[in-house]
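Below: the structure, in structure tokens.
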Amino acid sequence: MTTTSTIPFDIERIRADFPILDQEINGRKLVYFDNAATTQKPIPVIEALMNYYRGYNANIHRGIHTLAEKATADFEASRRAVRDFLNAPSAEEIIFTSGTTMSINLVAQTYGRHFLKEGDEIIISGLEHHSNIVPWQMLAGEKGLTIRAIPVLENGELDLYTFEGMLSERTKIVAVNHASNSLGTVNPVKEIIAKAHAAGAVVLIDGAQASSHLDIDVQDLDADFYALSAHKIYGPTGLGVLYGKRALLEAMPPYMGGGEMIKEVTFEKTTYNDLPYKFEAGTPNIADVVALKAAIDYITKIGKPNIAAYEHQLLQYATEQIGQMDGIRLIGQAKEKISVLSFVLEGVHHQDIGIILDQQGIAVRTGHHCTQPVMDRFCILGTTRASFAMYNTMEEIDKLVAGLQRVKKLMA
Amino acid sequence: MTINETQDEIIEEFELFDDWEGKYEYIIDLGKKLTPLDEQYKTEDHIIKGCQSRVWLHAELQGDRVIFTADSDAIIVKGLISMLVRVYSGHTPDEIVNSDLYFMEKVGLQQHLAQTRSNGLASMVKQMKTYGLAFSALQKN
């Protein structure tokens, strides 16, 4: 295979779609490298939100008037767009939630609470975000379960050899991320799922970080549950997705009561609605769901492989440029990575780096990134993390390098 | 010197800098020069919770004055703390409790006080005032 050095898409045109990038912070052109926390929104997403509120804001699935029908149609069109985005077998297996965190909590509190019993085990990994640790700990505390974590190797990859040894007939759930938010490691989830299934466990994949970078095919992966957040794929905040295999979702009890999740209510008994409505109590986040389709359409138009290839170039360039600086220690150098670069600068606190970079208009994340076990693993308190999206440029990476040189000069 | 006189003095010092680099160089320098906190006070119960950096604060009453000493593992926060110590330390509990902190905003550092989650600075000021209140109550008993 030959590699191409040309950029497969028009970066200037893409940047023009993200109006937020065109501003100055502290007198400098904004460089936004905090994309793992949240991505910026392109004009079609912003317009979808505006059009919805200006034109057809209405409650869905109930009204018979024109606005309600239009809102319902767009809401359900978005569900089908998510199905295509994940290659799920059917739209009924797509549940809208408030985000990845709620998706994971939903599985823990319904599937977990219903099917797990004392003595069962849940396997997570040492790379998990707190959102894929705490819900399981809450469940474990309630039901007397054991949680075990797959160890992390020095390069930031998971120790799959140990993972295999951890699997047993007691393992009921394996919950791991597709890609790590703090190190960028892409986990071999297809392999993890196959091994977990062989042991009889169901698998939840936390796709929050992977979803904007990697092609996701839940059928090819054979994932039982896949969770993601809209705001990390150029969509609105406060909205997430839970994909679940139909048989599992059918077997699970509802999570919350009220609104769309019921079929019939008498004071004696309530029968629950069909999928996906069983898990969508109350009036959903209609405007943001509608706008999510605009985000998915935008990504699809540019093409995930093009985005991935371009981001890979950004990561490679940043790794070379920053990796060769004196006193820099890169944390996480897995073979497969999404565009996340985490590092520590010897003798300089990450917060100081963040403050000085901000003075130069450069937005990075500093701290433990809500993955304290990862920090403990590498015996550090935190890192500086630059995470890249499709609208970032090589010149911006040069600015980061220059910014870090100034940090070093000031801190010397 | 009163609390406000010290604040005005700091504001004047910062007027010398016309760019952020000079300002932060000065803060970093203040951090490096801050009187070290006695190691015995670098304990959990002296730590002020902040998400990003660790901040330790110790207070004691000497005569009718409160003496503050502090430290942080991040140098900019340490520099900011040194200014807070300079403003509040050596004053009576009542002076501290009744004071109004305005120099941070005047010198353009208010963002450091605004984010309670990312650093412990706002909590640090709150803690200093809490010590003031506690010592004030002690004096009145």
Side-chain angles (χ1 to χ4, degrees), chain A residues 24-31 34 37-38 129-131 181-182 327 342-372 374-376 379-385 399 402-412, chain B residues 14 16-34 36-37 42 44 47-57 70-84 104-105 107-124:
Chain A
E24 291 193 344
I25 301 289
N26 296 316
R28 313 290 178 89
K29 186 93 192 255
L30 165 68
V31 173
D34 196 15
T38 195
H129 189 263
H130 296 166
S131 296
N181 71 309
S182 51
S342 235
F343 56 88
V344 293
L345 177 56
E346 214 176 293
V348 182
H349 195 281
H350 50 80
Q351 187 178 358
D352 292 324
I353 298 174
I355 291 170
I356 297 299
L357 289 178
D358 179 55
Q359 288 300 315
Q360 303 173 72
I362 303 169
V364 293
R365 178 56 60 92
T366 59
H368 56 59
H369 318 296
C370 295
T371 58
Q372 279 179 312
V374 177
M375 302 300 124
D376 294 344
C379 303
I380 49 179
L381 285 169
T383 74
T384 300
R385 180 187 73 185
K399 283 185 187 172
L404 287 169
Q405 300 288 11
R406 289 181 102 160
V407 170
K408 285 177 72 172
K409 201 181 118 229
L410 269 168
M411 298 296 163
Chain B
F14 271 86
L16 296 171
F17 307 112
D18 43 16
D19 65 351
W20 69 268
E21 221 160 339
K23 198 155 85 178
Y24 276 89
E25 228 164 346
Y26 184 61
I27 296 168
I28 289 163
D29 206 42
L30 289 176
K32 287 177 182 163
K33 285 185 190 146
L34 179 67
L37 179 69
K42 278 197 179 180
E44 269 302 306
I47 216 158
I48 292 171
K49 294 279 179 225
C51 187
Q52 297 240 338
S53 56
R54 288 179 296 180
V55 169
W56 296 271
L57 176 69
D71 200 357
S72 171
D73 54 355
I75 195 72
I76 293 173
V77 169
K78 204 166 155 176
L80 297 168
I81 285 170
S82 91
M83 290 190 275
L84 292 177
M104 296 278 275
E105 199 181 335
V107 299
L109 297 169
Q110 73 277 20
Q111 80 269 26
H112 292 288
L113 277 178
Q115 297 173 21
T116 45
R117 202 181 159 206
S118 63
N119 62 61
L121 215 62
S123 321
M124 167 104 175

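Just so it is clear: chains get the letters A, B, ... in the order the sequence lines come, proteins before strands, and each one is counted from 1.
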Open item on the list: Let me confirm one number: the NE2-CD1 distance from His112(B) to Ile355(A), rounded to the nearest 0.5 Å.
Closed with: 4.5 Å

TODO: Could you look at Leu381(A) and say if it's the side chain, the backbone, both or neither that has a heavy atom under 4.5 Å from chain B?
DONE: side chain

TODO: Measure from the side-chain N and O atoms of Asp352(A) to the backbone N and O of Ile76(B), and report whether any donor-acceptor pair falls under 3.5 Å.
DONE: yes

Task: Where Leu410(A) and Lys32(B) come nearest, the two heavy atoms and their spacing - done: O-NZ, 4.5 Å

Task: Exceeds 12 heavy-atom contacts within 6.0 angstrom, atom CD of Gln405(A) - done: yes

Open item on the list: Set out, in order, the CA-CA distance, both residues' side-chain angles and the distance that settles side-chain contact (heavy atoms from CB on, under 4.5 Å) for Tyr24(B) and Arg406(A), then state yes or no.
Closed with: CA-CA 11 Å; Tyr24(B) 276 89; Arg406(A) 289 181 102 160; over 6 Å; no

TODO: Decide yes or no on side-chain contact (heavy atoms from CB on, under 4.5 Å) for Lys409(A) and Glu21(B), but give the supporting numbers first.
DONE: CA-CA 10 Å; Lys409(A) 201 181 118 229; Glu21(B) 221 160 339; 3.6 Å; yes

Open item on the list: Show, in sequence, the C-alpha distance, side-chain angles and deciding distance for Ile75(B) and His349(A), and conclude whether the side-chain contact (heavy atoms from CB on, under 4.5 Å) test is met.
Closed with: CA-CA 7 Å; Ile75(B) 195 72; His349(A) 195 281; over 6 Å; no

Open item on the list: Which residues in residues 356-364 of chain A have any heavy atom closer than 4.5 Å to a heavy atom of chain B?
Closed with: Ile356(A), Gln359(A), Gln360(A)

